[in-house]
**Student:** 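Below is one structure. I have some questions about it.
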Amino acid sequence: MSDLLHRQIAEMLHSAKHILAVAHIRPDGDAVGSLLGLGLSLRAAGQKVDMLLADGVPAPFRHLPGSEQVITRPCAEYDVVVVLDSSDLQRTGGVLGERQPDLNIDHHATNLRFARVNLVDPQAVATCAILAQNLPRWGFPVSGEVASALLTGILTDTIGFRTSNMSPEVLRLAADLMEAGANLPELYRAGLVQKSFEAARYWGFGLERLQREDGLIWTTLLLADRQAAAYNGNDDADLINFLSSTDGDVIVLFNEQKGGKVKVSWRARPGLDISTLALRFGGGGHPAAAGAEISGTIEEVRERVLSETRAFLAAHRH
Ligand code: AMP
Ligand code: MN
Ligand code: MN
């Protein structure tokens, strides 16, 4: 990344009057962590910042300082809008309307570079890693609270330092964040290990329906399952991360959503790149982990996606 780009970003963030920071719907640890990490750091430097998640902060991340200040709709005129961890603008949940964002900070190779200034690094393990590296360089402080938010995103996007993109640099970055005050075991437990009773029951429905055909493993979570399990979120409670440890080449999870849509999550063994497949369905992601939100009934979407995923696997079988 060029020095000019970093000077431009520092200047934009330091001279802003009122900043809106936004991350993606169905927020994961990197969305929440990058939002709080950036927001709290800029605030500590005296900037006025609103932090927005259209779906609010999910229960597993409500222990993070600042999470109670996250808003779900814009509530002022902003001169600088920053979008985090989102490969396209739909991922914000449509909260920005026609407004073009000023800054896009992300690590998805499928990022559409929709902002005036785009800092997109597909080598980075998390948007939080980009921020941990660059906040000090831009002249913003990394307090214990900021470090806790940023380490959360690094932990969740690497599923606890075990994805194939891990490097010594990421461990050093995590060590720096621990030194700045982040409690690694506690953040690890809260963000990755702890599951509510309701989430465990919700997983049960998905596990019960697990299917396999050659190297393809898939399952479905229905709206009725959420209700039966009294699960409050609109996500899969990270079931896909558990399923990615099964022995399939590609694992697919279909998660029925309100409004006639289905959230599809793909995971692939190292060596395959399913982000291109997700992109074809209007989604995006990384080589090993990608997603899309597709209109249609659960049966329709499952049939289309399974047939394309089978074709993808057939084309990549050696
Ligand atoms: P998920 O399956 O939701 O855990 O997402 C896996 C990866 O794909 C993450 O990096 C997401 O940010 C990305 N992703 C998920 N859904 C979408 C979508 N609808 N559009 C673009 N990227 C997505
Ligand atoms: Mn994310
Ligand atoms: Mn991410």
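FYI, side chains are in, hydrogens and waters are out, and symmetry mates aren't considered; it's all heavy atoms of this structure. Read the numbers this way: they start at 1 and go in the same order the structure lists the ligands and their atoms.
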**Student:** Assess the pair Trp203 and Phe242: is the distance between their ring centroids shorter than 6.0 Å?
**Tutor:**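 Ring centroids of Trp203 and Phe242 are less than 6.0 Å from each other.
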**Student:** Would you say NZ of Lys261 has more than 12 non-hydrogen atoms from neighbouring residues, nucleotides or ligands within 6.0 angstrom?
**Tutor:**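 Result for NZ/Lys261: open.
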**Student:** Kindly check if the number of other-residue, nucleotide or ligand heavy atoms within 6.0 Å of CD (Glu68) is above 12?
**Tutor:**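 More than 12 within 6.0 Å, yes.
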**Student:** As a test of understanding, state which of Asp106, Val120, Leu279 forms a side-chain contact (heavy atoms from CB on, under 4.5 Å) with Ser87.
**Tutor:**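 One option only clears the test, and that one is Asp106.
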**Student:** Taking atom CD of Gln69 as the centre, report whether more than 12 heavy atoms of other residues, nucleotides or ligands fall under 6.0 Å from it.
**Tutor:**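 Count over threshold, so yes.
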**Student:** Counting only heavy atoms from other residues, nucleotides and ligands, does the tally under 6.0 Å from CZ of Arg189 exceed 12?
**Tutor:**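 Yes - once you tally the heavy atoms of other residues, nucleotides and ligands closer than 6.0 Å, there are more than 12.
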**Student:** Determine which of the N, O or S atoms in Asp157 is closest to the Mn ion (ligand 3) and give its atom name.
**Tutor:**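 Nearest to the Mn ion (ligand 3) within Asp157's N, O and S set: OD2.
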**Student:** List, ordered by chain and residue number, the protein residues whose closest non-hydrogen atom lies under 4.0 Å from any atom of ligand 1.
**Tutor:**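 Contacts of ligand 1 under 4.0 Å: Ser87, Asp88, Arg91, His108, Lys263, Ser265, Arg267, Gly283, Gly284, Gly285, His286, Ala289, Ala290, Gly291, Ala292, Glu293.
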**Student:** Restricting to N, O or S atoms, which atom of Asp30 is closest to the Mn ion (ligand 3)?
**Tutor:**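 The closest N, O or S atom of Asp30 to the Mn ion (ligand 3) is OD2.
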**Student:** As a test of reading the structure, name the N/O/S atom of His24 that is nearest the Mn ion (ligand 2).
**Tutor:**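 Nearest N/O/S atom: NE2.
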**Student:** Report, as yes or no, whether the 6.0 Å neighbourhood of atom CD on Glu303 holds more than 12 heavy atoms from other residues, nucleotides or ligands.
**Tutor:**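 Open.
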**Student:** Other residues, nucleotides and ligands only: do more than 12 of their heavy atoms fall within 6.0 Å of CG on Asn232?
**Tutor:**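 Count not over threshold, so no.
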**Student:** Is it true that some N/O/S atom of His107, main chain or side chain, lies under 2.8 Å from the Mn ion (ligand 3)?
**Tutor:**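 So His107 does bind the Mn ion (ligand 3) by this criterion.
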**Student:** I'd like to know if the Mn ion (ligand 3) has an N/O/S atom from Asp106 within less than 2.8 Å of it, counting both backbone and side-chain atoms.
**Tutor:**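 Of the N, O and S atoms in Asp106, none lies under 2.8 Å from the Mn ion (ligand 3), which means no.
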**Student:** Does Glu293 form a salt bridge (Lys or Arg N to Asp or Glu O under 4.0 Å) with Arg91? I'd like the steps, not just the answer.
**Tutor:** CA-CA 10 Å; Glu293 191 156 39; Arg91 292 283 281 158; over 6 Å; no
**Student:** Rounded to the nearest 10°, what angle sits at the Mn ion (ligand 2) between OD2 of Asp28 and OD2 of Asp85?
**Tutor:**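 Reported to 10°, the angle equals 140°.
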